Structures are given as structure tokens and as C-alpha cells.
Amino acid sequence: MTAQTLFRPEFLERTKRMSGLKTDAAFAGAIGVSESVLNKARKTNVCTPAMLVGLWRAFGFQPGEICYIADDGKEEAAAATTAQTK
């Protein structure tokens, strides 16, 4: 199973606006990551454990408010295909 922890839609932008922080550098610093880590998260939408903990510490968000787990379903599809060929 390949699963990823992904940010909820528009979560990072809404949180930055809500925080009142004007720059990406200030927002990244508040959550304890570098600006490059923040930019990568915006591009990939992947929520790393460091970002999850940083958002909790800085703003008190619970994990379910920040992200969700997305499963690509490949393992289940492979198992179903194997079961059909037996």
C-alpha cells in the first residue's frame, strides 16, 4: 500500500492568512520549517511529520484539521488481480 499524508485543500494559504504573518519566511519560521520545505509542501501537497507537528505547536491544529491520508489503491488492485487469476 502506498499512502501519503496530504494537506486539506487550501489549508496552508488559509492558515497563513489567519495567522497574520505577511511573508512566507515568517510563516515557515512560525511552524519550524525552512522556506524551501514550505514551498515544496505547496507544490506537492504532501504534509511531512515536521510540518504536522509545527502546525500543531504554532496554531493548535489537530492532525485531522491539517491533512488526510490518501491511498493510491495499487496494492488492493494487485491483490484483486492475483485472486482473479487463481
Side-chain angles (χ1 to χ4, degrees):
M1 170 172 52
T2 303
Q4 289 186 315
T5 308
L6 302 177
F7 284 104
R8 296 208 172 271
E10 302 297 318
F11 179 82
L12 289 172
E13 295 311 313
R14 284 185 287 121
T15 302
K16 181 182 171 191
R17 265 194 321 272
M18 181 251 353
S19 74
L21 298 168
K22 302 294 181 198
T23 66
D24 285 346
F27 183 59
I31 60 176
V33 299
S34 67
E35 199 171 348
S36 64
V37 169
L38 177 61
N39 288 332
K40 183 176 180 181
R42 283 187 175 135
K43 289 177 187 168
T44 64
N45 204 40
V46 173
C47 180
T48 64
M51 291 196 74
L52 185 64
V53 171
L55 287 159
W56 170 71
R57 284 184 177 156
F59 304 111
F61 288 113
Q62 295 299 307
E65 296 174 291
I66 299 168
C67 58
Y68 63 97
I69 298 171
D71 180 9
D72 67 5
K74 288 181 181 176
E75 183 176 281
E76 290 80 5
T81 301
T82 303
Q84 289 175 356
T85 60
K86 288 184 178 183

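We use all heavy atoms of the structure for the numbers below, so side chains are in, but hydrogens, waters and symmetry mates are not. Only a predicted model underlies this, so the values are computations on that prediction, with no experimental measurement involved.
- Applying the salt bridge (Lys or Arg N to Asp or Glu O under 4.0 Å) definition to pairs two or more places apart or across chains, none involves residues 55-67.
- Gln4 contributes atom CD, which lies 12.0 Å from atom OG1 of Thr48 (distance to the nearest 0.5 angstrom).
- Put simply, the side chain of Thr15 does not reach to within 4.5 Å of the side chain of Phe7, judged on heavy atoms.
- Of the inter-residue distances, the one linking Ile66 atom CD1 with Arg8 atom CZ reads 10.0 Å to the nearest 0.5 angstrom.
- Counting heavy atoms from C-beta outward, Val46 and Leu6 have side chains that approach closer than 4.5 Å.
- Smallest separation of non-hydrogen atoms from Cys47 and Cys67: CB-CB, 4.1 Å.
- For residues 21-34, the pairs satisfying salt bridge (Lys or Arg N to Asp or Glu O under 4.0 Å) are Lys16-Asp24, Asp24-Arg42, with sequence neighbours left out.
- Side-chain contact between Leu12 and Met51 is present, with heavy atoms from C-beta onward closer than 4.5 Å.
- Of all heavy-atom pairs spanning Glu35 and Ala25, the tightest one is OE1-CB, 3.5 Å.
- Judged as a ring pair (Phe, Tyr, Trp, His ring centres under 6.0 Å), not a single pair has a partner in residues 21-60 (not counting sequence neighbours).
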